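Working notes, structure below.
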Amino acid sequence: MRAERGTTVGQRRRRYSISVVAEMFDIHPQTLRVYEREGLLRPARTEGNTRVYSQEDVERIELILRLTKELGVNLAGVEVILNMRDRMEKMQRQMNELLRAMAEQFDTEMKHWEGREEEGLVPVKRRGLLRRGHI
């Protein structure tokens, strides 16, 4: 079974420990704790209160590191950017849902009007427009 973005379901549900994530990005685990303390990350916790990072968390860490290391954004700026990004994604989901609902409504209306003959304007060769039913 396939999931979004070409990953398998098992890959999407993969969880990583703090040491594995720190090693992935060549950073100290304390850096990840700081990101969590600053509210930039919210890793899940096991029953033993151990942090476990999802693939989404890993992608978010990658973005945080790109913003801080490559673009020189401080953590306060990263927080603003991430919050704006989250709001934009939420608005995009809402817009997609609205467009889907509008398309369904349009389809329903079109089915209702299909095949109905009503009086209206119709093109008539050189004479211009005439009302249907008066031709």
Side-chain angles (χ1 to χ4, degrees):
M1 182 160 68
R2 301 296 291 171
E4 296 177 59
R5 296 187 215 159
T7 61
T8 64
V9 173
Q11 287 173 324
R12 276 192 347 143
R13 293 188 180 150
R14 184 173 290 158
R15 302 286 188 222
Y16 306 93
S17 69
I18 192 168
S19 60
V20 170
V21 174
E23 187 176 318
M24 287 170 66
F25 293 106
D26 194 29
I27 58 176
H28 196 280
Q30 190 61 35
T31 303
L32 296 170
R33 292 183 188 102
V34 168
Y35 292 167
E36 183 180 1
R37 195 168 42 250
E38 293 295 323
L40 303 176
L41 288 175
R42 289 177 218 93
R45 300 281 186 146
T46 65
E47 287 185 26
N49 206 30
T50 302
R51 292 171 179 86
V52 286
Y53 295 87
S54 67
Q55 186 59 40
E56 287 178 350
D57 291 330
V58 169
E59 291 169 8
R60 191 170 178 99
I61 293 164
E62 186 175 26
L63 176 59
I64 292 168
L65 291 171
R66 192 167 55 244
L67 289 169
T68 56
K69 290 184 177 185
E70 295 176 20
L71 300 176
V73 178
N74 64 22
L75 293 183
V78 169
E79 181 180 21
V80 170
I81 292 167
L82 292 177
N83 286 339
M84 287 174 40
R85 183 175 173 255
D86 291 344
R87 280 185 279 176
M88 287 174 50
E89 288 173 356
K90 181 180 178 184
M91 288 184 343
Q92 184 65 52
R93 285 191 302 274
Q94 291 172 336
M95 183 61 72
N96 290 343
E97 180 61 27
L98 176 63
L99 290 173
R100 187 196 58 73
M102 289 174 63
E104 286 178 6
Q105 180 67 31
F106 179 77
D107 289 344
T108 301
E109 293 288 330
M110 290 304 293
K111 286 177 185 168
H112 174 74
W113 290 102
E114 279 179 3
R116 289 182 64 169
E117 285 286 329
E118 291 196 11
E119 185 177 316
L121 299 178
V122 295
V124 179
K125 297 185 185 177
R126 295 182 181 194
R127 295 189 299 177
L129 297 175
L130 292 178
R131 288 202 176 272
R132 189 178 297 213
H134 292 83
I135 303 177

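Values in this document were obtained by computation on a predicted structure and should not be read as measured data. Numbers for residues simply follow the sequence, beginning at 1. Values reported hereafter were calculated over all heavy atoms of this structure, with side chains retained and with hydrogens, waters and symmetry mates removed.
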Distance, nearest 0.5 Å, that separates CD of Gln55 from CZ of Arg13: 14.0 Å
Arg15 and Ser54, any side-chain heavy atoms less than 4.5 Å apart: yes
Atom pair NE2 (His28) and CZ (Arg33), whose distance is rounded to the nearest 0.5 Å: 7.5 Å
Spacing of CG belonging to Asp57 relative to CD1 belonging to Ile18, to within rounding of 0.5 Å: 11.0 Å
Test item: Met91 and Met95 side chains (from C-beta on) under 4.5 Å apart, heavy atoms: no
Pairs where residues 96-109 contributes a residue and the test side-chain hydrogen bond (donor to acceptor under 3.5 Å, both in side chains) is met, not counting sequence neighbours: Gln92-Asn96, Glu97-Arg100, Arg100-Glu104, Gln105-Glu109
Hydrophobic cluster identity match, Val52 and Ile27, side-chain contacts under 4.5 Å: no
Within 6.0 angstrom of Gln30 CD, more than 12 heavy atoms from elsewhere: yes
Derivation and outcome, side chain to side chain contact (heavy atoms under 4.5 Å, CB included), residues Val73 and Val80: CA-CA 10 Å; Val73 178; Val80 170; over 6 Å; no
Ile64 with Leu71, same ILVMFWY side-chain cluster at under 4.5 Å: yes
Minimum side-chain heavy-atom gap Leu32-Phe25 below 4.5 Å: no
Pair Leu41-Tyr53, side chain to side chain contact (heavy atoms under 4.5 Å, CB included): steps then yes or no: CA-CA 9 Å; Leu41 288 175; Tyr53 295 87; 4.1 Å; yes
Contact list for residues 64-78, test salt bridge (charged side-chain N to carboxylate O under 4.0 Å, His left out), sequence neighbours left out: none
Close side-chain approach of Arg60 and Asp86, heavy atoms under 4.5 Å: yes
Derivation of the side chain to side chain contact (heavy atoms under 4.5 Å, CB included) call for Ile81 and Leu63: CA-CA 10 Å; Ile81 292 167; Leu63 176 59; 5.6 Å; no
Non-hydrogen side-chain atoms of Arg45 and Arg51 separated by less than 4.5 Å: yes
